[in-house]
Each structure stands twice: as C-alpha cells, then as structure tokens.
Amino acid sequence: MTLGSGGSSVVEELWTQPLAVMQGKAAYDRWPQARTAGKGSFGVIVPRNFRLLEELERGEKGIGDGTVSYGMDDGDDIYMRSWTGTIIGPHNSVHEGRIYQLKLFCDKDYPEKPPSVRFHSRVNMTCVNHETGVVEPKKFALLSNWQREYTMEDILVQLKKEMASPHNRKLVQPPEGTYF
C-alpha cells in the first residue's frame, strides 16, 4: 500500500481527514477500492462522502433507460446534503409521460439512515403525504426497511415502480405542472 504523508497509509489518511481537507474527488480517486467496498467486497465501510461522490458520479452518467435521474442541488455544498431527483412516469398508468421532480436530503447519518424524500411536483400516491409531498417511510417499504447498501437511485426506481403498482396506477392526479 502506498504511504501518505507522515508514513500513514493512504487508507488511514483518507479515512481520518474530512472531505474538504482531502479536496473531494482527488482524494476519492486516490482510493479506488472505496467505490466497491460499500457492497462488502473489502469488508470496509465506505465513508459517507465517498459514498455520495460515488452516487453523484453514477447520477451524472445517467441511469438505465433515462426515466430516472438525480444530481446535487448545489455543487458548492461540501456536505452533499441536498439533491434533486426526476422521475418520468411509467407507461400504462395515469403517470405516463409526466415529469415528477423530487427533493432528497441526505443528513449526516446517510447512508446509515435513509434520506428524507419529498415530491416537489404534485402527485397522488398512497405513500406520499397529500399536503406536503413527503414520501412517508411507514408507507414506503424501501425507506421503512432501509439498508446501508440502498442508494438514492434505488429510491427513485422504487418510487417509479410504486407509480405503476395496481393501487397507484389509476389514481386521479392533480393537474400537471402544479407543485407542493
């Protein structure tokens, strides 16, 4: 293993220093195994900021068929807390062709705890609070059974599947272009 400054390993150096000191992506690039360690391949728990950098990189590349996307609200936010997600409604449902915007907030406990998720676009779904647009964890299994391995991408993909589920696919929707 390459030694960092002062004789410590790069892993030790990156693990103990805050992201701002490590200059973000440059440090992330110096520790490539961090990208796969979250799945248990190295038995290492990936620090929050590395995990979020990985998610940002994946979100910027585009996901699957392009009907789900996400990115940071503010590129200058070194804590990477505030994110915007987009879901294009699934085919063969009342959501087809609609574009839904969401806000995801990753608190300091992410990914140990799920982000808060709120629809900005008005939507009628059984797991969404009709007054605030908040996705209610008790009514959305992915949030209520959160595991560290889950990602913001997983949340958006699952919400899209939830839109197509029998109990949501035919619900009358608010007018397009209205917001919470």
Side-chain angles (χ1 to χ4, degrees), residues 1-64 66-88 99-121 128-129 132-137 140 142-160 179-180:
M1 169 117 348
T2 307
L3 293 181
S5 60
S8 63
S9 72
V10 172
V11 171
E12 291 171 316
E13 182 180 330
L14 294 175
W15 186 265
T16 58
Q17 295 182 11
L19 180 65
V21 173
M22 296 184 300
Q23 298 174 325
K25 185 140 175 51
Y28 175 71
D29 291 339
R30 287 176 50 204
W31 194 25
Q33 65 265 36
R35 297 180 199 158
T36 56
K39 302 291 184 191
S41 60
F42 289 93
V44 174
I45 295 176
V46 178
R48 176 187 183 279
N49 290 335
F50 287 153
R51 165 68 180 273
L52 287 169
L53 282 170
E54 179 181 356
E55 290 195 51
L56 178 60
E57 184 178 358
R58 182 157 168 80
E60 287 176 343
K61 287 182 179 177
I63 305 165
T67 60
V68 172
S69 65
Y70 63 97
M72 286 182 55
D73 278 343
D74 179 5
D76 293 331
D77 178 9
I78 63 169
Y79 299 107
M80 297 188 285
R81 292 183 182 178
S82 187
W83 297 70
T84 297
T86 303
I87 300 172
I88 297 176
I99 299 172
Y100 295 98
Q101 294 177 1
L102 300 87
K103 296 293 182 182
L104 299 99
F105 185 80
C106 299
D107 208 352
K108 63 182 177 172
D109 297 327
Y110 182 83
E112 296 301 326
K113 293 185 178 175
S116 59
V117 182
R118 181 181 62 82
F119 274 85
H120 179 62
S121 305
V128 176
N129 181 297
T132 63
V134 170
V135 177
E136 298 179 356
F140 186 59
L142 191 82
L143 295 180
S144 63
N145 300 313
W146 184 259
Q147 295 180 24
R148 186 178 212 291
E149 298 79 31
Y150 294 161
T151 63
M152 288 182 275
E153 175 184 344
D154 294 328
I155 292 169
L156 296 172
V157 168
Q158 193 58 43
L159 281 168
K160 182 180 173 191
Y179 302 96
F180 286 102

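Keep in mind that what you see is a predicted model, and the values were worked out from it rather than measured.
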Exercise. Can you tell me if Arg48 uses its side chain to pair, donor with acceptor, with the backbone of Glu112 under 3.5 Å?
Worked result: no
Exercise. Is the backbone N or O of Gly71 less than 3.5 Å from a side-chain atom of Thr84, with the two atoms forming a donor-acceptor pair by type?
Worked result: no
Atom of [X], atom of [Y] and distance for their closest heavy-atom approach:
{"X": "Ile88", "Y": "Lys160", "answer": "O-CE, 3.7 Å"}
{"X": "Leu143", "Y": "Ile155", "answer": "CD2-CD1, 4.0 Å"}
{"X": "Gly85", "Y": "Leu104", "answer": "N-CD1, 3.8 Å"}
{"X": "Met80", "Y": "Cys106", "answer": "O-CB, 4.2 Å"}
{"X": "Leu56", "Y": "Trp83", "answer": "CB-CH2, 3.7 Å"}
{"X": "Tyr79", "Y": "Asn49", "answer": "O-OD1, 4.4 Å"}

Flag the pair [X] / [Y] as yes when at least one side-chain heavy-atom distance between them is below 4.5 Å, and no otherwise.
{"X": "Trp146", "Y": "Pro115", "value": "yes"}
{"X": "Phe180", "Y": "Thr132", "value": "no"}
{"X": "Thr151", "Y": "Arg58", "value": "no"}
{"X": "Phe140", "Y": "Leu159", "value": "yes"}

For this session: Decide side-chain contact (heavy atoms from CB on, under 4.5 Å) for Tyr110 and Leu52; before the verdict, give the C-alpha distance in whole Å, the side-chain angles of both, and the deciding distance to 0.1 Å.
Result: CA-CA 9 Å; Tyr110 182 83; Leu52 287 169; 3.5 Å; yes
Interatomic spacing from [atom1] in [X] to [atom2] in [Y] - rounded to 0.5 Å:
{"X": "Ile99", "Y": "Ser121", "atom1": "CD1", "atom2": "OG", "value": "9.0 Å"}
{"X": "Leu102", "Y": "Leu156", "atom1": "CG", "atom2": "CG", "value": "6.0 Å"}
{"X": "Ser69", "Y": "Glu60", "atom1": "OG", "atom2": "CD", "value": "11.5 Å"}
{"X": "Gln101", "Y": "Arg118", "atom1": "CD", "atom2": "CZ", "value": "10.5 Å"}

Exercise. Charged N to carboxylate O below 4.0 Å: is that the case for Arg51 and Glu55?
Worked result: yes
